[in-house]
2 protein chains.
Amino acid sequence: MAHRIVSDEVFLATALDLFRTYGFEGVSLKQLADATGLEKASLYYRYPGGKDAIAMAAAGEAVRWLQANVFDPLAGGGPPRKRVSLVAEKLREFYAGGLKACVMDVLSIRGGSEELQLGLKTAMQALTSAFAHVAKESGYGAAAARSKAEEAVVRLEGSLILARVLGDTACFERVLKGLPDLLTAPS
Amino acid sequence: MAHRIVSDEVFLATALDLFRTYGFEGVSLKQLADATGLEKASLYYRYPGGKDAIAMAAAGEAVRWLQANVFDPLAGGGPPRKRVSLVAEKLREFYAGGLKACVMDVLSIRGGSEELQLGLKTAMQALTSAFAHVAKESGYGAAAARSKAEEAVVRLEGSLILARVLGDTACFERVLKGLPDLLTAPS
DNA sequence: GTCTATAAAGAGATAGAC
DNA sequence: GTCTATCTCTTTATAGAC
């Protein structure tokens, strides 16, 4: 077989997609190799830590995406409500309108490394903080903002599960639509 | 090794616990055998369909639990608000205060049989309908009741994920506490 | 109805050629 | 830096004794 060139970016995007669909235990190295066009041995060259390391790197990709498309926009300037609307649009994209699962949901099921669990926890805390920040800027007090932020994360996660189980993304869309109202204080 | 006697009820309860913790792909027949005290070959005698059949039967146990502890109480008599409070208490028990995952979440990750996925979908629809029924009885119109019911399921599922990822069950407890207010119309 | 034993396939992981 | 080949362990699944 000829040598293949697969950028780390493409590799990790493919890996992340597999993990989101089948979970940590549900993805094998052969699957990862086949889906990315590399051989298993090549995966070990790139990630000597094996599947644990690949999942960790894939989750890191997701966190970087969050940083660029959610955390940064929420912290940036402009009207808070506008920022939330923009982020909702980005989230719709990331979750494919509710068809793709949340990385924090799927990868938090026992099986992956402790390091991975910790990373997911940190990411979820960061997401909550980012939501709380914009809610506070919109006029809410610190405690109320925190509460609204938690509710936003709960709704996002919950609606993604309903979408997956029911095979109907309508509830996820409703949650996205309600995000600006939920996270910004009425003026 | 001497013959062991393990009732189907005990076996399925143990199996369900394993599946809730590690997911479908994360549980092996050896794990199931070790945890229940039976040998793998005995599992195939009881469930010729193998792991798929065991997961299906375990999920069936969960549905029977829902029927007895959620659907029936919600449909029964008494003040709607009282019924919801009682059910919230039962749910706290079933989810061990937020420490145990939702079967519909964990088992809906691809890997199990199509039949299992369909069963989970039916269960979630039944749960939503049961919530909607009591909400309607409390005074909400059909559409509002349906909406409140969906929100309840979303919050339950979402808060269980937050609890798992963050290692903090406080949000699940808050959702349980807010369930009566959410599902019953103010008089 | 449960056991021991084993088959067959798939998993993670490594060695060494190119 | 990727490949082929192989190793070891685990997994699912079955055969047959008791």
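Small disclaimer: the values here were computed from a predicted structure and weren't measured. Chain identifiers are assigned alphabetically (A, B, ...) following the order of the sequence lines, protein sequences preceding nucleic acid strands; residue numbering begins at 1 within each chain.
The aromatic rings of A:Phe11 and A:Tyr47 lie parallel to each other, with less than 30° between the two planes, well short of the 60° mark.
Hydrophobic cluster membership for A:Val106: A:Ile109, B:Val106, B:Ile109 (Ile, Leu, Val, Met, Phe, Trp, Tyr linked by side-chain heavy atoms under 4.5 Å, directly or transitively).
Judged by distance alone, the side chain of B:Arg164 and the main-chain N or O of B:Ala101 form no donor-acceptor pair under 3.5 Å. Formation of a donor-acceptor pair under 3.5 Å by the B:Ser129 side chain with backbone atoms of B:Ala126 is not found in this model.
With distances taken from any side-chain atom of B:Tyr45 to the nucleotides C:dG1, D:dT2, C:dC3, the minimum falls on C:dG1. Picking from C:dG12, D:dT14, C:dA15 the nucleotide with the shortest atom distance to the side chain of A:Ala41 gives C:dA15.
Among the heavy atoms of the strands lying under 4.0 Å from B:Lys51 are primed sugar atoms or P, OP1, OP2 only; no base atom is included. Note on B:Leu38: only backbone sugar-phosphate atoms sit closer than 4.0 angstrom, heavy atoms only; bases stay farther off.
Remark: B:Tyr22 pairs with no residue by the ring pair (Phe, Tyr, Trp, His ring centres under 6.0 Å) rule, at least two apart or across chains.
Under the 6.0 Å distance and 45° angle rule, A:Lys100 does not count as a cation-pi partner of A:Phe94. Remark: B:Lys51 is positioned above the aromatic ring of B:Phe24, its terminal NZ or CZ atom under 6.0 angstrom from the ring centre and at most 45 degrees off the axis.
Atom CG of B:Leu43 is separated from atom P of C:dT2 by 9 Å (rounded to the nearest Å). Regarding A:Lys40, its NZ atom lies at a distance of 13 Å from the P atom of D:dT6, rounded to whole Å. In this structure, B:Asp8 atom CG and C:dT2 atom C1' are separated by 14 Å, rounded to whole Å. In this entry the distance linking CG of B:Asp52 with C1' of D:dA13 reads 13 Å, nearest Å. The nearest whole Å value for the distance from the CD atom in A:Glu39 to the P atom in C:dA15 is 18 Å.
Listed pair B:Arg46 / C:dG1 fails the phosphate criterion, with no side-chain N or O lying under 4.0 Å from OP1 or OP2. Using a 4.0 Å cut-off, some side-chain N or O of B:Ser42 falls inside it from OP1 or OP2 of C:dC3.
Residues from residues 16-37 of chain B with heavy atoms under 4.0 angstrom of DNA chain D, sorted by number: B:Val27, B:Ser28, B:Leu29.
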